[in-house]
Amino acid sequence: MIKAAYIHIPFCEHICHYCDFNKVFLKGQPVDEYLDALEKEIKLTAAKNQHTLSTVFVGGGTPTSLNAKQLERLCAIISENLVLDKNAEYTFEANPGDLAPDKLKALYDGGVNRLSFGVQSFNDELLQRIGRTHRAKDVFSSVEAANRIGFDNISIDLMYSLPGQTVEDFAATLKQAFTLDIQHFSGYSLIIEPKTVFYNLLRKGKLLTPGEDAEATMYRLLMEEMEKHGYKQYEISNFAKDGYESIHNITYWNNAEYYGFGAGAHGYVNGYRRSNFGPLKKYMEPLAEGNLPLLDNHKVTRTEQMEEELFLGLRKNSGVSLNSFKEKYNQDIEILFADELKGLLERGLISMDDGNLKLTYDGRFLGNEVFQSFIGIL
């Protein structure tokens, strides 16, 4: 039973130096035609598979780069073509400073009940350096405006290990972030991806990052300060007040199926991991003829399912239930991955507690290395 949908809006008014998501500059783009195509894709899919959803997440790009009228239409497309549970989590990504009162009202009236702001830092100089157009003051005004209109479930993204960033600077960012009294935080280290401004600068030797030791110190600081301020870490990069964990992200980490709508979107439907064409023209043309815009439609093998169950589930602080794994796959983790588990246990990177396989505190710093241990073994 599919309980989640991701919807991709690929338009941005500005491209950040680290971003490798599928996106295009907003100016001159066929936004209304894109919404037409998006509605067709949802109709084509929902007509075949009508499920009641627990979570919808609208990401990008920058969904709130759309004007108020377009946001109203997007919300109408979602509400008219997807069935949402009455308590569903319904999230829009937003940039601080993007949400004029008419846009906020369009979202709130359209049923959106959660906002996720891409803040990254409260250091204005650093924000400029990474290609962000907002400033710290915009964060405070945007959160205040969202609270005023009625939003009471707000998340912000923070980044660390940014070029020129110090541990002291990140500590100052955290201090300011906690004054917002919001419900959820995500904290990510910078990953330099191909086809980004930062990647090109790195190749030319013109990008100076803090280094692995500073990155580990910042991550440790993130975990300590979140705990100190009452935010429970429930996944490697995510922290929430009780009851405000992201239902949508947990869907991914539970290796559950979900719809993916929009240009470049990924989904997991009926045992297939599928991805759409990214370029707008290639996405829209098949839909104009009544066909889904699939670039790839991969049948996930049983072996891949078991591997994914481990490396996705281990991201959660609760880890992977040995019993649930056995019930789902009729296989014993401790037998399947005996050698890998032995080595990771000896290194103190994982633990077996109360029937759950988990990352230890030290293991969180080497999560990717742990996940990789389970790939290509079976």
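Computation of the quantities below employed the complete heavy-atom set of this structure, encompassing side-chain atoms and omitting hydrogens, waters and symmetry-equivalent molecules.
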K.L.:
Does the side chain of Asn238 pick up a donor-acceptor pair with the side chain of Ser186 at under 3.5 Å?
P.N.:
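Present: a donor and an acceptor within the cut-off.
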K.L.:
Ignoring hydrogens and geometry, is there a side-chain-to-backbone donor-acceptor pair from Arg132 to Gly118 under 3.5 Å?
P.N.:
yes
K.L.:
Do the side chains of Thr91 and Leu115 get nearer than 4.5 Å, heavy atoms only?
P.N.:
no
K.L.:
Is Lys228 salt-bridged to Glu225, cutoff N-O under 4.0 Å?
P.N.:
yes
K.L.:
With sequence neighbours left out, what residues match Ala37 under side-chain contact (heavy atoms from CB on, under 4.5 Å)?
P.N.:
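By the side-chain contact (heavy atoms from CB on, under 4.5 Å) rule, Ala37 matches Tyr283, Met284, Leu287.
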K.L.:
Which atom names give the shortest non-hydrogen contact between Ser351 and Leu345, and what distance separates them?
P.N.:
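Here Ser351 and Leu345 meet closest at CA-CD2, 4.0 Å.
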K.L.:
Would Gln331 and Lys326 count as a side-chain contact (heavy atoms from CB on, under 4.5 Å) here? Give the steps.
P.N.:
CA-CA 5 Å; Gln331 296 284 347; Lys326 190 165 187 176; over 6 Å; no
K.L.:
Is the distance between the ring centroids of Phe178 and Phe185 under 6.0 Å?
P.N.:
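Ring centres of Phe178 and Phe185 closer than 6.0 Å.
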K.L.:
For Arg73, is there an ion pair with Asp36 - N to carboxylate O distance below 4.0 angstrom?
P.N.:
yes
K.L.:
Given the side-chain rings of Tyr252 and Tyr268, with only the six-membered ring counted for Trp, is the space between their centroids under 6.0 Å?
P.N.:
no
K.L.:
Report yes or no: do Phe311 and Met352 belong to one cluster of Ile/Leu/Val/Met/Phe/Trp/Tyr joined by side chain heavy-atom distances under 4.5 Å?
P.N.:
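Both belong to a single hydrophobic cluster.
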K.L.:
Grab the two heavy atoms, one from Ile2 and one from Tyr258, that are nearest each other, plus how far apart they are.
P.N.:
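Scanning both residues completely, I find the closest heavy atoms to be CG2-CA, 3.8 Å.
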K.L.:
Search all heavy atoms of Ala263 against all heavy atoms of His8 and return the closest pair with its distance.
P.N.:
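For Ala263 and His8, the tightest heavy-atom pair comes out as O-CD2, 3.1 Å.
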K.L.:
Could I get the full list of side-chain contact (heavy atoms from CB on, under 4.5 Å) partners for Leu312, not counting sequence neighbours?
P.N.:
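Listed in chain order: Asn255, Arg273, Glu308.
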K.L.:
Does Thr360 use its side chain to pair, donor to acceptor, with the backbone of Gly348 at less than 3.5 Å?
P.N.:
yes
K.L.:
For Lys328, I'd like to know if atom NZ has over 12 heavy atoms of other residues, nucleotides or ligands within 6.0 Å.
P.N.:
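Counting neighbours around NZ of Lys328, more than 12 heavy atoms of other residues, nucleotides or ligands fall under 6.0 Å, so yes.
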K.L.:
Evaluate whether atom NZ of Lys299 has more than 12 neighbouring non-hydrogen atoms of other residues, nucleotides or ligands under 6.0 angstrom away.
P.N.:
yes
K.L.:
Crowded around Lys105 NZ? As in, over 12 foreign heavy atoms under 6.0 Å?
P.N.:
no
K.L.:
Do the side chain of Gln183 and the main chain of Ile154 share a donor and acceptor less than 3.5 angstrom apart?
P.N.:
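Between the backbone of Ile154 and the side chain of Gln183 there is a qualifying donor-acceptor contact (under 3.5 Å).
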K.L.:
Any luck finding a side-chain donor-acceptor pair between His134 and Gln120 under 3.5 Å?
P.N.:
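No donor-acceptor contact under 3.5 Å links the two side chains.
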K.L.:
Would you call the rings of Phe337 and Phe374 parallel, tilted or perpendicular, taking 30° and 60° as the class edges?
P.N.:
perpendicular
K.L.:
Tell me, yes or no, whether the heavy-atom count around Glu227 atom CD, taken from other residues, nucleotides or ligands under 6.0 Å, exceeds 12.
P.N.:
no
K.L.:
Does a side chain donor of either Asn276 or Glu41 reach within less than 3.5 Å of an acceptor in the other side chain?
P.N.:
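Yes, a side-chain donor-acceptor pair sits under 3.5 Å.
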K.L.:
Do you know the tightest heavy-atom contact between Val119 and Pro96?
P.N.:
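So the minimum-distance heavy-atom pair works out to CG2-CG, 4.0 Å.
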K.L.:
Check whether Asn67 reaches the backbone of Lys69 with its side chain - one donor and one acceptor, N or O, closer than 3.5 Å.
P.N.:
yes
K.L.:
We want to know whether Asn123 and Arg129 form a side-chain donor-acceptor pair, criterion being a heavy-atom distance below 3.5 angstrom.
P.N.:
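Not at all, the side chains of Asn123 and Arg129 share no donor-acceptor pair under 3.5 Å.
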K.L.:
For the side chain of Asp332 and the backbone of Glu334, is there at least one donor-acceptor N/O pair under 3.5 Å apart?
P.N.:
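Yes: the side chain of Asp332 pairs with the backbone of Glu334.
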K.L.:
Fit a plane to each ring of Phe140 and Phe122, take the angle between them on a 0 to 90° scale, and name the class: parallel (under 30°), tilted (30 to 60°) or perpendicular (over 60°).
P.N.:
tilted
K.L.:
More than 12 non-hydrogen atoms from neighbouring residues, nucleotides or ligands closer than 6.0 Å to NZ on Lys358, yes or no?
P.N.:
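Atom NZ in Lys358 is packed in, count exceeds 12.
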K.L.:
Measure the OG1-OH distance between Thr217 and Tyr219 for me, rounded to the nearest 0.5 Å.
P.N.:
13.5 Å
K.L.:
Start with the C-alpha distance between Tyr6 and Phe261, add both sets of side-chain angles, then the distance that settles ring-ring contact (aromatic ring centres under 6.0 Å, His included), and finish with yes or no.
P.N.:
CA-CA 6 Å; Tyr6 172 78; Phe261 300 118; 9.5 Å; no
K.L.:
Keeping Glu89 on the side-chain end and His248 on the backbone end, is there a donor-acceptor pair under 3.5 Å?
P.N.:
yes
K.L.:
When rounded to the nearest 0.5 angstrom, what distance separates CD1 in Ile350 from CG in Leu310?
P.N.:
9.5 Å
K.L.:
Using ring-ring contact (aromatic ring centres under 6.0 Å, His included), reason through His184 and Tyr244 one step at a time and then give a plain yes or no.
P.N.:
CA-CA 7 Å; His184 187 281; Tyr244 288 95; 9.1 Å; no
K.L.:
Is it true that Lys316 and Glu235 have a side-chain N and a carboxylate O under 4.0 angstrom from each other?
P.N.:
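Salt bridge flag = no for Glu235 with Lys316.
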K.L.:
Would you name the heavy atoms of Leu35 and Ile77 that are closest together and state the gap between them?
P.N.:
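Closest approach of Leu35 to Ile77, heavy atoms only: O-CD1, 3.6 Å.
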K.L.:
Enter the distance from Phe277:CZ to Leu295:CG here, rounded to the nearest 0.5 Å.
P.N.:
5.0 Å
K.L.:
Linking I/L/V/M/F/W/Y whenever any side-chain heavy atoms sit under 4.5 Å apart, do Leu280 and Val58 land together?
P.N.:
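Linked within one cluster.
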K.L.:
I'd like to know if the side chain of Ser79 reaches the main chain of Ala76, judged simply by a donor and an acceptor atom lying under 3.5 Å from each other, with no hydrogens or angles considered.
P.N.:
yes
K.L.:
Give a yes or no on this: more than 12 heavy atoms of other residues, nucleotides or ligands lie within 6.0 Å of atom CD of Glu212.
P.N.:
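At most 12 heavy atoms, drawn from other residues, nucleotides or ligands, come within 6.0 Å of this atom.
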K.L.:
With a 3.5 Å distance limit and no angle check, can you tell me whether Glu144 reaches the backbone of Ser141 through a side-chain donor-acceptor pair?
P.N.:
no
K.L.:
May I have the step-by-step check of ring-ring contact (aromatic ring centres under 6.0 Å, His included) for Tyr234 and Phe239, ending in yes or no?
P.N.:
CA-CA 6 Å; Tyr234 65 100; Phe239 309 81; 8.0 Å; no
K.L.:
So how far is it from Glu215 CD to Gln165 CD, rounded to the nearest 0.5 Å?
P.N.:
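Going from CD on Glu215 over to CD on Gln165, the span is 10.0 Å.
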K.L.:
Show the numbers, then the answer: is there a ring-ring contact (aromatic ring centres under 6.0 Å, His included) between Tyr160 and Tyr188?
P.N.:
CA-CA 6 Å; Tyr160 58 93; Tyr188 304 105; 8.6 Å; no
K.L.:
Between Arg135 and Glu125, is there a salt bridge with N-O shorter than 4.0 Å?
P.N.:
no
K.L.:
Please examine the side chains of Thr55 and Lys3, heavy atoms only from C-beta on, and report whether any two atoms are closer than 4.5 Å.
P.N.:
no
K.L.:
For the atom pair CG (Leu104) and CG (Asp98), what is the distance rounded to the nearest 0.5 Å?
P.N.:
10.5 Å
K.L.:
Given 3.5 Å as the limit, does a donor-acceptor pair link the side chain of Ser142 with the main chain of Gly97, or not?
P.N.:
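Confirmed, Ser142 side chain pairs with Gly97 backbone.
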K.L.:
If you measure only the distance, is there a donor-acceptor pair under 3.5 Å linking the side chains of Ser65 and Thr62?
P.N.:
no
K.L.:
How about Gln233 and Arg364: does a side-chain donor come under 3.5 Å of a side-chain acceptor?
P.N.:
yes
K.L.:
Using 0.5 Å steps for rounding, measure from the CD1 atom of Ile247 to the CG atom of Asn254.
P.N.:
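That separation rounds to 11.5 Å.
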K.L.:
After noting the C-alpha distance and the side-chain angles of Val31 and Phe11, does the key distance pass the side-chain contact (heavy atoms from CB on, under 4.5 Å) rule?
P.N.:
CA-CA 8 Å; Val31 178; Phe11 307 109; 4.1 Å; yes
K.L.:
Please walk me through it: do Ile236 and Asn317 pass side-chain contact (heavy atoms from CB on, under 4.5 Å)?
P.N.:
CA-CA 7 Å; Ile236 284 181; Asn317 277 33; 5.8 Å; no
K.L.:
Whether the side chain of Ser324 engages the backbone of Val320 through a donor-acceptor N/O pair (distance < 3.5 Å, no angle test) should be reported.
P.N.:
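Judged by distance alone, no pair lies under 3.5 Å.
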K.L.:
Looking only at non-hydrogen atoms, find the nearest pair between Glu257 and Asn270 and report the distance.
P.N.:
OE1-N, 2.9 Å
